[in-house]
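Some notes on the structure that comes next.
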4 protein chains.
Amino acid sequence: MGNTFGHLFRITTFGESHGGGVGVVIDGCPPRLEISAADIQQELDRRRPGQSKITTPRKETDTCEIVSGVFEGKTLGTPITVLVRNKDTRPQDYDEMARTYRPSHADATYDAKYGIRNWQGGGRSSARETIGRVAAGAIAKKILKLVAGVEIVGYVKRIQDLEATIDPNTVTLAQVESNIVRCPDAEAAERLIDRIEAVRDQGDSIGGVVECVARQVPKGLGSPVFDKLEADLAKAVMSLPASKGFEIGSGFAGTLLTGSQHNDEFYRDEAGEIRTRTNRSGGTQGGIANGENIIIRVAFKPTATIRKEQRTVSHTGEETVLAGKGRHDPCVLPRAVPMVEAMMALVLCDHLLRHQAQCQLLQP
Amino acid sequence: MGNTFGHLFRITTFGESHGGGVGVVIDGCPPRLEISAADIQQELDRRRPGQSKITTPRKETDTCEIVSGVFEGKTLGTPITVLVRNKDTRPQDYDEMARTYRPSHADATYDAKYGIRNWQGGGRSSARETIGRVAAGAIAKKILKLVAGVEIVGYVKRIQDLEATIDPNTVTLAQVESNIVRCPDAEAAERLIDRIEAVRDQGDSIGGVVECVARQVPKGLGSPVFDKLEADLAKAVMSLPASKGFEIGSGFAGTLLTGSQHNDEFYRDEAGEIRTRTNRSGGTQGGIANGENIIIRVAFKPTATIRKEQRTVSHTGEETVLAGKGRHDPCVLPRAVPMVEAMMALVLCDHLLRHQAQCQLLQP
Amino acid sequence: MGNTFGHLFRITTFGESHGGGVGVVIDGCPPRLEISAADIQQELDRRRPGQSKITTPRKETDTCEIVSGVFEGKTLGTPITVLVRNKDTRPQDYDEMARTYRPSHADATYDAKYGIRNWQGGGRSSARETIGRVAAGAIAKKILKLVAGVEIVGYVKRIQDLEATIDPNTVTLAQVESNIVRCPDAEAAERLIDRIEAVRDQGDSIGGVVECVARQVPKGLGSPVFDKLEADLAKAVMSLPASKGFEIGSGFAGTLLTGSQHNDEFYRDEAGEIRTRTNRSGGTQGGIANGENIIIRVAFKPTATIRKEQRTVSHTGEETVLAGKGRHDPCVLPRAVPMVEAMMALVLCDHLLRHQAQCQLLQP
Amino acid sequence: MGNTFGHLFRITTFGESHGGGVGVVIDGCPPRLEISAADIQQELDRRRPGQSKITTPRKETDTCEIVSGVFEGKTLGTPITVLVRNKDTRPQDYDEMARTYRPSHADATYDAKYGIRNWQGGGRSSARETIGRVAAGAIAKKILKLVAGVEIVGYVKRIQDLEATIDPNTVTLAQVESNIVRCPDAEAAERLIDRIEAVRDQGDSIGGVVECVARQVPKGLGSPVFDKLEADLAKAVMSLPASKGFEIGSGFAGTLLTGSQHNDEFYRDEAGEIRTRTNRSGGTQGGIANGENIIIRVAFKPTATIRKEQRTVSHTGEETVLAGKGRHDPCVLPRAVPMVEAMMALVLCDHLLRHQAQCQLLQP
């Protein structure tokens with residue numbers, strides 16, 4: 001029962017990397033929203049393998065079909081099902097996986113939990129599962145934009161020790177998409193690409209940090225106490241493959257400051273709106289959006305699959321060695337950007353509906 | 001609807017800092033477990049204010065009553081309600097709060113969300129709400145210990161830039177409780193206490209990092225894909241007041257390594273068990289426990305309430321200044337330790353029941 | 001995890017008949033609603049024992065305390081906790097229950113499920129648990145009335161074979177409360193009271209049917225496909241103690257008609273509203289409110305506790321006989337009326353919030 | 001968010017009668033269960049249209065595909081997706097539905113709720129949606145049989161006033177399937193078939209009662225207080241199209257008895273098991289299975305679609321007349337039997353897992 005996310009805008013993803021396909025059922029979507037397969041495909045194309053020289057060469061067009069919930073271009077209010085068939089599967093590449101546990105992959109833990117595993121690929125633990133999330137996120141983004149003008153922009157902030165300089169308050173999707181590494185600092189982007197290529201050529205892999213900002217988030221979103229915005233955002237992105245850490249606002253660096261340095265003082269802006277002079281809180285206080293930009297960062301570990309030889313064991317416990325032969329990304333970050341955006345959109349859209357239900361029923 | 005946590009071992013907390021009291025209803029607890037008010041009180045005493053010279057002087061005994069669900073010292077399988085009455089409230093201390101928004105507190109966002117707020121204190125956003133969590137955590141810990149021998153130990157790992165040296169694989173509760181700052185590195189503990197006192201005397205506050213380890217966690221706990229252990233743990237601790245960041249295993253530092261440096265190679269130990277040589281994964285792979293120690297870290301910001309004067313606005317938007325008069329902690333970390341442990345216990349206990357339900361029904 | 005009801009307006013009840021008390025936590029209540037202990041007490045008084053000569057003589061004032069969630073007479077949007085302490089308990093009356101299973105009670109099944117039971121009374125299976133439901137229902141009714149003018153009126157429709165004549169379209173609360181059996185057909189009411197007294201004097205008990213109507217329900221409430229209004233209403237009332245059957249609209253009698261007799265033809269009324277000429281559907285079509293009156297009926301079995309001697313077994317399986325000594329109702333129906341109303345209010349209020357969330361976010 | 005059912009064995013159905021297809025995602029299924037498309041198809045064939053002369057002539061093979069969650073013939077523990085494509089659709093038959101509201105159908109209420117509707121057929125309110133339920137029920141039945149030997153048998157008990165004589169304690173699936181009306185009383189079956197044909201020839205429709213029994217249900221299943229077995233069963237079947245009433249055990253007839261007549265006395269059988277002499281409770285006490293047969297009855301109204309002319313209104317509110325042209329069942333009951341069985345299986349399987357989680361973790 002861990003394949004459903006969200007309370008009102010609720011998604012259930014399904015599918016393994018090898019088999020009939022992967023997809024998502026979205027329940028609770030408002031009716032009469034214009035949506036097309038093209039809207040969804042646009043986001044899937046940002047996620048798909050084979051999109052550039054620094055991603056896995058695995059070729060999947062990841063073409064989506066809307067199976068239900070949309071009629072004459074509009075949502076019906078009933079469950080929306082998006083299905084993507086699996087195509088370019090080469091089980092022979094994965095043959096060794098039937099017998100050998102890949103280090104820092106989920107082969108061994110799936111076997112430990114379920115006593116069975118689809119060894120033709122990563123199965124359910126494959127990043128291919130995120131297709132359903134990105135598809136649902138495309139719809140969530142559209143609702144957020146339409147109802148409240150919310151903009152969500154993610155980008156690669158750092159790869160290994162190479163950090164980019166980006167202003168979250170002004171960065172645009174066009175800037176992010178202007179290069180294949182999705183780093184809107186043009187100068188840094190080149191260095192990042194070079195680093196990824198160098199590491200790939202060594203048969204190794206690297207990780208880094210994705211930053212994501214949501215702007216124009218309505219004040220009041222978020223549900224104390226367990227469903228604070230930062231709590232739901234943390235869960236959302238820590239459920240992505242390869243994520244190892246989460247921060248909001250000042251994050252870990254904020255622990256070095258004193259309270260008088262860290263606190264966000266309030267003031268009243270020219271429009272009469274209560275604002276904060278700084279944004280170390282990262283857009284929430286007490287788990288509720290305060291109208292400032294929501295800024296999160298996610299740490300992604302280096303890709304577990306590498307060509308370099310590693311020691312490991314077989315599923316029967318024999319010690320052995322393994323060198324990855326499957327096609328894989330030397331660095332997941334460029335493709336992780338749309339995943340992080342999607343998860344942020346899903347959280348905010350769910351809370352938009354929740355806030356609408358509880359706090360906008362009785363008129364003040 | 002954000003006041004419930006957990007799927008099978010499910011808690012609902014209630015109560016504001018000022019008013020009738022705070023507490024928790026625990027639904028789904030296994031029957032026939034021996035539990036007493038004393039078991040719960042022991043953990044509440046680690047959390048309560050006024051416990052040492054470096055915590056808030058606010059005096060609350062936080063004495064708990066078990067209202068329901070326990071009969072003749074054993075759980076009935078029905079909802080367990082734990083109630084703690086509010087006692088040492090001085091509304092006059094908080095009088096200014098009726099009118100003035102405290103920077104980096106939730107006063108303004110609660111008003112924005114609900115259009116009403118219990119201004120006699122932090123209301124529902126007060127850390128007092130965590131009493132219910134710690135009470136429930138005491139029961140979760142007992143189940144985990146009894147069924148699987150799980151040990152959960154949290155401690156202060158760092159305050160500002162002062163980092164302690166602690167081995168998560170061997171640290172004990174007794175070591176943690178041997179000093180008032182809950183840092184089981186005796187030498188570092190003294191420096192931490194000095195720093196807290198110095199900052200407090202300046203009318204300021206500081207933050208830091210709590211680390212928490214769970215040992216002997218059964219392989220297989222965790223539910224892909226959204227309810228990965230790390231996702232649920234992230235949500236759990238990011239819902240605690242003042243938390244700004246979460247890491248598991250290598251966390252953000254892991255992004256500096258390559259895959260060949262980061263991967264945890266498998267081997268077979270003397271008992272024939274499949275183990276990993278390193279533990280950069282932090283005890284989970286693909287969201288499922290692999291039997292290694294689960295290690296997480298949580299960043300807590302400096303306490304928002306400080307005596308130093310700060311600029312802010314009133315609830316009607318007038319600019320003003322504020323200097324905290326209420327009694328507060330100069331550093332939340334010593335009292336946050338049992339909170340982090342409780343949240344980790346709640347997540348693991350819930351997944352223990354979930355795993356029991358899905359994966360131990362059909363015998364292999 | 002079966003002690004929570006509702007998705008957005010969500011209640012969790014707790015407590016056994018003997019012990020610290022019983023109550024409810026309500027999560028998701030809209031903020032700024034005026035509510036007082038008196039509002040809740042009014043409904044609890046309709047439910048409490050000892051209210052008339054035809055109910056159990058057990059004396060409980062069932063005085064409620066609002067522990068949390070209300071400030072200066074208004075809801076905060078945070079969890080509302082209502083607590084009622086247990087008072088007039090005479091464990092000696094129930095002494096035999098420690099050893100002997102009462103026929104058609106839950107003593108044996110609780111033991112079978114949990115391996116433990118609070119034998120001082122009905123424990124969690126006692127109708128005393130419904131205090132929390134009725135308290136929450138009082139708040140739900142207030143919201144429904146305020147937001148949409150919804151009126152909910154329940155009454156005793158039949159006891160054994162004695163059926164009353166009541167028009168659900170016009171019946172009022174005042175009529176229901178005009179006699180102790182809560183049957184707004186004055187002539188029938190007398191016969192019902194006589195029958196109850198006669199059966200009580202024989203040491204026996206009887207059951208019957210409660211009918212409940214909701215008027216002015218906004219078109220559109222209800223969520224296909226599993227959370228159809230009739231499905232949620234059925235669950236709501238079938239979770240009440242002693243209920244054995246549920247009907248909406250034509251119910252079982254409707255199975256005797258043909259489609260052409262049963263269908264509700266549409267017409268347009270003077271106000272231009274689409275209406276149905278008949279209401280065999282009972283106010284919903286496809287699980288969604290159609291604006292007509294929602295009419296349900298609930299069958300309650302005769303009270304299981306009787307003074308007459310019955311054969312049974314002890315908890316160790318010895319055959320024995322039992323004659324009820326505890327104080328009990330010879331007929332639960334008069335006190336069941338506010339329970340059925342409460343459950344109907346909880347379902348409708350939850351769906352009011354759900355509809356608000358999904359269908360009133362995007363403006364047409 | 002009303003398209004998900006169950007807490008641990010949790011299904012989400014999707015799809016409209018016209019469009020890409022219908023199906024189900026099943027989350028929480030135990031791993032390593034042998035399951036094939038043929039297992040599922042067998043149940044779908046009992047539900048499909050065109051199966052006999054007394055069902056709708058609409059021809060759909062309803063061939064299912066298992067898209068995910070099964071590998072080499074066994075469940076993986078991951079979401080199982082079953083998809084059935086829509087085939088024999090004749091939108092022209094439904095053309096009038098774009099403009100005219102069918103009496104006692106959900107056309108008008110869907111429009112009122114969502115402001116949009118797939119008018120090519122019943123859309124989401126079509127009984128075609130139950131394909132997903134029946135598919136999931138096939139798996140639930142298999143688990144129940146395997147783990148506990150549970151047998152679930154449904155049958156037509158009554159059509160209009162024609163009631164069959166059937167012993168729920170001994171009736172078999174083979175007897176049910178021995179005739180096209182699914183009434184295991186051979187003599188009655190003929191009369192039922194004649195009645196259905198006569199009514200169909202008049203362009204009209206009829207309803208009746210399905211009874212369903214579950215045998216060998218383990219003592220202890222069911223979760224007080226809201227998730228009592230009878231409450232969950234009531235919701236389950238009242239969410240089926242055309243259902244108007246629910247009973248368990250003695251049901252509405254039980255209200256005519258006194259307590260001394262109605263109570264189920266306990267005794268100890270030869271095997272030492274505590275049993276009840278009668279079963280007016282219908283297999284549960286206090287919402288928990290007592291080990292006796294669970295017997296429920298469901299009232300289904302006459303099919304709303306009829307050939308006879310009826311008065312109605314158009315979606316713009318003009319008064320008009322309508323005569324059904326689409327292909328439809330003159331009586332839903334023969335095809336409702338597998339639906340009721342499926343819903344009962346889903347409830348019991350969910351509670352089997354819930355009981356396993358809460359009550360079988362700590363060994364007595």
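So that the names make sense, note that chain A is the first sequence line, chain B the second, and so on, each numbered from 1. Since we're looking at a predicted model, the values are computed, not measured.
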Can you say whether [X] sits under 4.5 Å from chain D via the side chain, the backbone, both, or neither, judging by heavy atoms?
{"X": "C:Ser281", "result": "both"}
{"X": "C:Asn3", "result": "both"}
{"X": "C:Thr320", "result": "neither"}
{"X": "C:Phe252", "result": "both"}
{"X": "C:Leu256", "result": "both"}
{"X": "C:Ala289", "result": "backbone"}
{"X": "C:Thr100", "result": "neither"}
{"X": "C:His105", "result": "backbone"}

Proximal component of [X], with respect to chain C [non-hydrogen, under 4.5 Å]:
{"X": "D:Ser314", "value": "backbone"}
{"X": "D:Asp264", "value": "both"}
{"X": "D:Thr130", "value": "neither"}
{"X": "D:Gln360", "value": "neither"}
{"X": "D:Thr316", "value": "backbone"}
{"X": "D:Phe246", "value": "both"}
{"X": "D:Ile248", "value": "both"}
{"X": "D:Met343", "value": "side chain"}
{"X": "D:Thr312", "value": "both"}
{"X": "D:Gln310", "value": "both"}
{"X": "D:Ile306", "value": "side chain"}
{"X": "D:Ala108", "value": "side chain"}
{"X": "D:Val199", "value": "neither"}

Who wins among [options] for the most heavy-atom pairs under 4.5 Å with chain D?
{"options": "C:Ala106, C:Gly2, C:Cys359", "result": "C:Gly2"}
{"options": "C:Pro302, C:Gly245, C:Ala234, C:Pro330", "result": "C:Pro302"}
{"options": "C:Thr255, C:Thr303, C:Ile296, C:Leu229", "result": "C:Thr255"}
{"options": "C:Val313, C:Val209, C:Thr276, C:Val237", "result": "C:Val313"}
{"options": "C:His262, C:Lys301, C:Arg124, C:Arg268", "result": "C:Arg268"}
{"options": "C:Met238, C:Lys244, C:Lys219", "result": "C:Lys244"}

For [Y], is there any backbone N or O sitting under 3.5 Å from a side-chain donor or acceptor partner on [X]?
{"X": "C:Gln285", "Y": "D:Thr109", "result": "no"}
{"X": "C:Thr13", "Y": "C:Val24", "result": "no"}
{"X": "D:Arg158", "Y": "D:Gln160", "result": "yes"}
{"X": "D:Asn263", "Y": "C:Ser104", "result": "no"}

Please assess C:Ile159 against C:Ile196 for the test side chain to side chain contact (heavy atoms under 4.5 Å, CB included), listing each intermediate value before the final yes or no. CA-CA 9 Å; C:Ile159 283 183; C:Ile196 292 172; 3.6 Å; yes
Salt bridge (Lys or Arg N to Asp or Glu O under 4.0 Å): which pairs involve residues 249-259 of chain C, sequence neighbours left out?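 Pairs touching residues 249-259 of chain C that pass the test: none.
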Taking [options] one by one, which has the highest count of heavy-atom pairs under 4.5 Å against chain C?
{"options": "D:Gln358, D:Glu318, D:Lys228, D:Gln261", "value": "D:Lys228"}
{"options": "D:Gly220, D:Gly272, D:Ala236, D:Ala231", "value": "D:Ala231"}
{"options": "D:Phe300, D:Phe266, D:Tyr101", "value": "D:Phe266"}
{"options": "D:Gly317, D:Ala357, D:Ala242", "value": "D:Gly317"}
{"options": "D:Ser223, D:Gly208, D:Gly203, D:Ala112", "value": "D:Gly208"}
{"options": "D:Arg277, D:Glu230, D:Lys308", "value": "D:Arg277"}

Check the pair C:Leu257, C:Ser250 against side chain to side chain contact (heavy atoms under 4.5 Å, CB included), reporting the backbone distance first and the verdict last. CA-CA 10 Å; C:Leu257 305 178; C:Ser250 64; 5.6 Å; no
Euclidean distance, [Y] [atom2] relative to [X] [atom1], rounded to 0.5 Å:
{"X": "D:His7", "Y": "D:Arg354", "atom1": "NE2", "atom2": "CZ", "answer": "5.5 Å"}
{"X": "C:Arg128", "Y": "C:Ile131", "atom1": "CZ", "atom2": "CD1", "answer": "4.0 Å"}
{"X": "C:Lys113", "Y": "D:His355", "atom1": "NZ", "atom2": "NE2", "answer": "5.0 Å"}
{"X": "C:Asp232", "Y": "C:Leu221", "atom1": "CG", "atom2": "CG", "answer": "11.5 Å"}

Side chain to side chain contact (heavy atoms under 4.5 Å, CB included), that's the test. Do D:Ser243 and D:Val298 meet it? Break it down for me. CA-CA 7 Å; D:Ser243 62; D:Val298 192; 3.9 Å; yes
D:Glu247 pairs by salt bridge (Lys or Arg N to Asp or Glu O under 4.0 Å) with which of D:Arg280, D:Arg297, D:Lys157?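 That would be D:Arg297.
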Step by step, work out the side chain to side chain contact (heavy atoms under 4.5 Å, CB included) result for C:Lys235 and C:Val347. CA-CA 10 Å; C:Lys235 175 174 169 124; C:Val347 169; over 6 Å; no
Using the side chain to side chain donor-acceptor pair (under 3.5 Å) rule, take D:Asp111 and D:His315 through it: C-alpha gap first, then chi angles, then the decisive distance, then the call. CA-CA 8 Å; D:Asp111 263 0; D:His315 72 285; 6.0 Å; no
Are D:Asp204 and C:Ser260 linked by a side-chain donor-acceptor pair shorter than 3.5 Å?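 The criterion, which ignores hydrogens and geometry beyond distance, is satisfied for C:Ser260 and D:Asp204.
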How close do C:Gly286 and D:Tyr110 get, heavy atom to heavy atom, and via which atoms?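 C:Gly286 and D:Tyr110 have their closest heavy atoms at O-CE1, 4.4 Å.
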Closest non-hydrogen atom pair, D:Gly251 against C:Ala299: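 In this case the closest contact between D:Gly251 and C:Ala299 is O-CB, 4.1 Å.
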Excluding sequence neighbours, so at least two apart, what forms salt bridge (charged side-chain N to carboxylate O under 4.0 Å, His left out) with D:Arg133?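 Scan of D:Arg133 (salt bridge (charged side-chain N to carboxylate O under 4.0 Å, His left out), adjacent residues dropped) gives D:Glu129.
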